[in-house]
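Please read all numbers here as calculations on a predicted model, not as lab measurements.
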Amino acid sequence: MSERIKATAKEEAERVRDLATEAARSGAYIYPVKGIYYFISHRSLWKPLMSKLAPIISTGVGVTTFMFFFTYLPQAAILAIFNGPLAALTTILLVLSESSTISNIMSRTLFIEDALVDTFDGTLVSRNMTSLVSEGRQLRPGSDPMGKLGKLLKKPFARFSPDAIIRYIIYLPLNFIPVVGTVLFVILQGRKAGPNAHTRYFQLKGMNNRQKEEYIEQRKAAYTSFGVPAVLLELIPIAGLFFAFTNTVGAALWAADLEQRGTTAPGLRDQAKKAE
């Protein structure tokens, strides 16, 4: 039995090592940072965010204030049982996570769904990916990437699903485990956030569900390495919704680089249409 346990532990350690190596080689973890710099340096991409700035800020401030006022002390008392002196810090992280999640749910549902689609498409246009974007919307002539965006032909960004909320609630108790639990919580959130960031890309490529699952499975380490820093940025209260836009830019930059490197099957769109 002890030998079997050792063999299993060794296999798991090797699997984690391989995934970490694959994630490092992919370079996907840098795209959330690239998204920040690209967004700041391309003023035309600010338009969708600026049009929604007032409700985004008011929602973030209101939710974060409410959560700290009403939920910090009760949760700190519970976490103190498990985390001891670290409870003060872990509770802050937990409340920030909860506030960010609630703010994102409300804002994405009520305000910024279309704005994120425009930001993703506008970034692709700025990288000369007009043929790809034209699969999902009409394009106008002009030099301004955002000004070229016309009517949507396909609208992929679904509102927050019950599954996302349920998954968040299931993962939440991990924060009871000092330090390690919080790290696992962020990693699990990031594992889902990575593929979600490319929802628009998958649609523009014409992938069906099976093709998406296969594509993501082959790149699960890369998507997790993108998702973890993206989640951490969006955990920042109020500013988290600003980072939702920069993460969208980063995801679009990654998609553009994948296209330029030809790492998606060239006949994928035609295959998807035949499958339909």
Side-chain angles (χ1 to χ4, degrees), residues 32 35-36 39 46 48-117 119 157-194 196-197 199 227-249:
I36 296 172
F39 183 82
W46 299 5
L49 171 61
M50 297 304 293
S51 68
K52 306 292 183 181
L53 198 57
I56 286 174
I57 292 176
S58 60
T59 299
V61 171
V63 169
T64 303
T65 301
F66 176 89
M67 292 297 292
F68 270 99
F69 188 81
F70 288 102
T71 72
Y72 177 81
L73 289 178
Q75 292 187 96
I78 295 172
L79 287 177
I81 300 172
F82 300 93
N83 295 358
L86 290 174
L89 175 60
T90 55
T91 305
I92 290 174
L93 294 175
L94 179 59
V95 175
L96 289 178
S97 172
E98 294 166 344
S99 301
S100 176
T101 300
I102 294 171
S103 297
N104 270 285
I105 290 172
M106 294 178 64
S107 294
R108 286 176 184 265
T109 301
L110 300 174
F111 312 127
I112 67 173
E113 180 185 4
D114 291 340
L116 290 176
V117 176
T119 301
F157 283 0
R159 299 178 187 275
F160 260 78
S161 66
D163 289 346
I165 300 172
I166 292 170
R167 190 182 306 109
Y168 178 84
I169 294 172
I170 291 173
Y171 293 160
L172 206 55
L174 286 171
N175 290 278
F176 292 152
I177 305 172
V179 184
V180 175
T182 302
V183 172
L184 287 174
F185 175 81
V186 172
I187 291 174
L188 289 171
Q189 292 288 94
R191 188 175 64 179
K192 191 66 178 178
N196 284 347
T199 301
V228 168
V231 166
L232 287 172
L233 288 171
E234 292 189 28
L235 283 179
I236 301 172
I238 304 172
L241 285 164
F242 163 78
F243 289 121
F245 282 85
T246 64
N247 286 337
T248 299
V249 172

Write down the atom of A115, the atom of K52, and the distance for their closest heavy-atom approach. CB-CG, 4.2 Å

Smallest separation among heavy atoms of V228 and I187, with atom names: CG2-CA, 3.9 Å

Heavy atoms of A87 and A76 approach each other most closely as CB-O, 4.0 Å

Closest approach of P32 and P229, non-hydrogen atoms and distance? CG-CG, 3.9 Å

Roughly how far apart are L232 CG and Q189 CD, rounded to 0.5 Å? 10.5 Å

A side-chain contact here means heavy atoms from C-beta on lying under 4.5 Å apart; do F111 and T59 qualify? yes

Measure the spacing between CZ of F39 and OG1 of T119 and express it to the nearest 0.5 Å. 6.5 Å

Looking only at heavy atoms, the pair that brings A230 and N247 closest together is O-ND2, 3.1 Å

Quick one: OG1 on T64 to CD1 on I236, what's the gap to the nearest 0.5 Å? 11.5 Å

Side-chain contact, heavy-atom cut-off 4.5 Å: F243 with I36? yes

Testing the basics here: between V231 and A193, what is the closest heavy-atom pair and its distance to 0.1 Å? CG2-CB, 3.7 Å

Using a 4.5 Å cut-off on heavy atoms from C-beta on, say whether the side chain of I102 contacts that of M106. yes

Interatomic spacing from CG in L53 to CD1 in I112 - rounded to 0.5 Å: 11.0 Å

Tell me whether the rings of Y72 and F68 are parallel (<30°), tilted (30 to 60°) or perpendicular (>60°). parallel

Any chance you could measure L73, atom CG, to I78, atom CD1, to the nearest 0.5 Å? 11.5 Å

Does any part of the side chain of L49, heavy atoms only, come nearer than 4.5 Å to the side chain of I56, both counted from C-beta? yes

Exam field: side chain T65 to backbone G62, donor-acceptor pair closer than 3.5 Å: no

OG-CD1 distance between S99 and I92, expressed to the nearest 0.5 angstrom: 11.5 Å

